[in-house]
There are 2 protein chains.
Amino acid sequence: MENNIYIDTGKLFKVLSDPVRLQIVDLVSCKEMCACEILEYLSITQSTLSHHMKVLKECGLVSSRKDATWMYYSLNADVVGNLKSQFDKITSDTSDCFCYTIKKECKNIK
Amino acid sequence: MENNIYIDTGKLFKVLSDPVRLQIVDLVSCKEMCACEILEYLSITQSTLSHHMKVLKECGLVSSRKDATWMYYSLNADVVGNLKSQFDKITSDTSDCFCYTIKKECKNIK
DNA sequence: TTCTAATATTGACGGATGTCAATATTTATG
DNA sequence: CATAAATATTGACATCCGTCAATATTAGAA
């Protein structure tokens, strides 16, 4: 079953549903940033930031690079771009809309 | 404070983080659909669907129209479009990126 | 090696959320 | 009015998640 489209897209939206993580994405979208610099812009604990960065990394939205004791983070533009195009298809009202596939599959089952 | 950008966008992403709701959005993106028709494509209870439709309506992503005993749902393309443009700004690496505002505000505070 | 700064991990807590069964409400029909 | 179909609401349950304090790890500097 190709529900992966909704599951995969949903997972990324879940990650982006937290306002703090959205702000982090915003911060690292312009330039690479280390955790301690990101932390300056937020009102959270260091352990909480570390947790958010782990979540952002695990879903692929953010990459990390280690330099001495610093960990530098940057946004993965390709993953973001892919998410946008998936969402475009889901919300499309034309023939490239995913729903046509669902409806077809549903018809086959009945 | 203008964290509303992240809070508002986060709320919509939260709604879209559920795979079932993503599929519903997909279904109603092409044409208006009543709840009973939507239900045919899903593997959930009627009460669960009703709950999801309430969530989708409350955040503005979906509109409803009542006709006799049927409730017809459709996607609000403007809300979707606005969400996309907000996300574009958040993930932008150019000067229209929101993060510049945050950084400026942060500088002022220090 | 010892100290310090940066980051990660663990454990715990409270609140939010998706799901269902059961029931209520609405509206057309006989 | 009585019945049936479509939808909404309520209450309960289990799970997930963001947060913090405390601790551990890593790596350069003295």
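All figures in this text were calculated on a predicted structure; none of them were measured in a lab. The sequence lines fix the lettering, A, B, ..., with proteins before strands; numbering per chain opens at 1. Hydrogens, waters and symmetry mates are skipped; everything else that's a heavy atom, side chains included, is used.
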Are B/K84 and A/F87 in a cation-pi contact, defined as NZ or CZ under 6.0 Å from the six-membered ring centre and within 45° of the axis?
yes

Distance test, side-chain N/O of B/T48 to OP1/OP2 of C/dT19, below 4.0 Å:
no

Residue B/D18, side-chain heavy atoms: nucleotide from C/dA21, C/dA6, C/dG18 that is nearest:
C/dG18

Would a distance-only check, ignoring hydrogens and angles, find a side-chain to backbone donor-acceptor pair under 3.5 Å from A/S92 to A/K89?
no

Between B/Y6 (OH) and D/dG18 (P), how many Å, whole number?
18 Å

Using only side-chain N and O atoms of B/K14, determine if any of them is under 4.0 Å from OP1 or OP2 of C/dT17.
yes

Of the listed nucleotides C/dC20, C/dT7, D/dA5, the one nearest the side chain of B/T69:
D/dA5

Closest nucleotide of DNA chain D for A/K66 versus for A/S17: which of these residues is on the 5' side?
A/S17

Report yes or no: do A/Y6 and B/D26 form a side-chain donor-acceptor pair below 3.5 Å?
yes

With a 4.0 Å cutoff (strictly under), does any side-chain N or O of A/S47 reach OP1 or OP2 of D/dC20?
no

Taking only N and O in the side chain of B/H52, is any of them less than 4.0 Å away from OP1 or OP2 of C/dT19?
yes

Look at the side chain of A/T45 and decide which nucleotide, out of D/dA21, C/dA16, C/dC20, has an atom nearest to it.
D/dA21

Could one point to a donor on the side chain of B/Q46 or the base of D/dA6 with an acceptor on the other under 3.5 Å away?
no

Considering only side-chain heavy atoms of B/S50, which listed nucleotide, D/dT9, C/dT7, D/dC20, is closest?
D/dT9

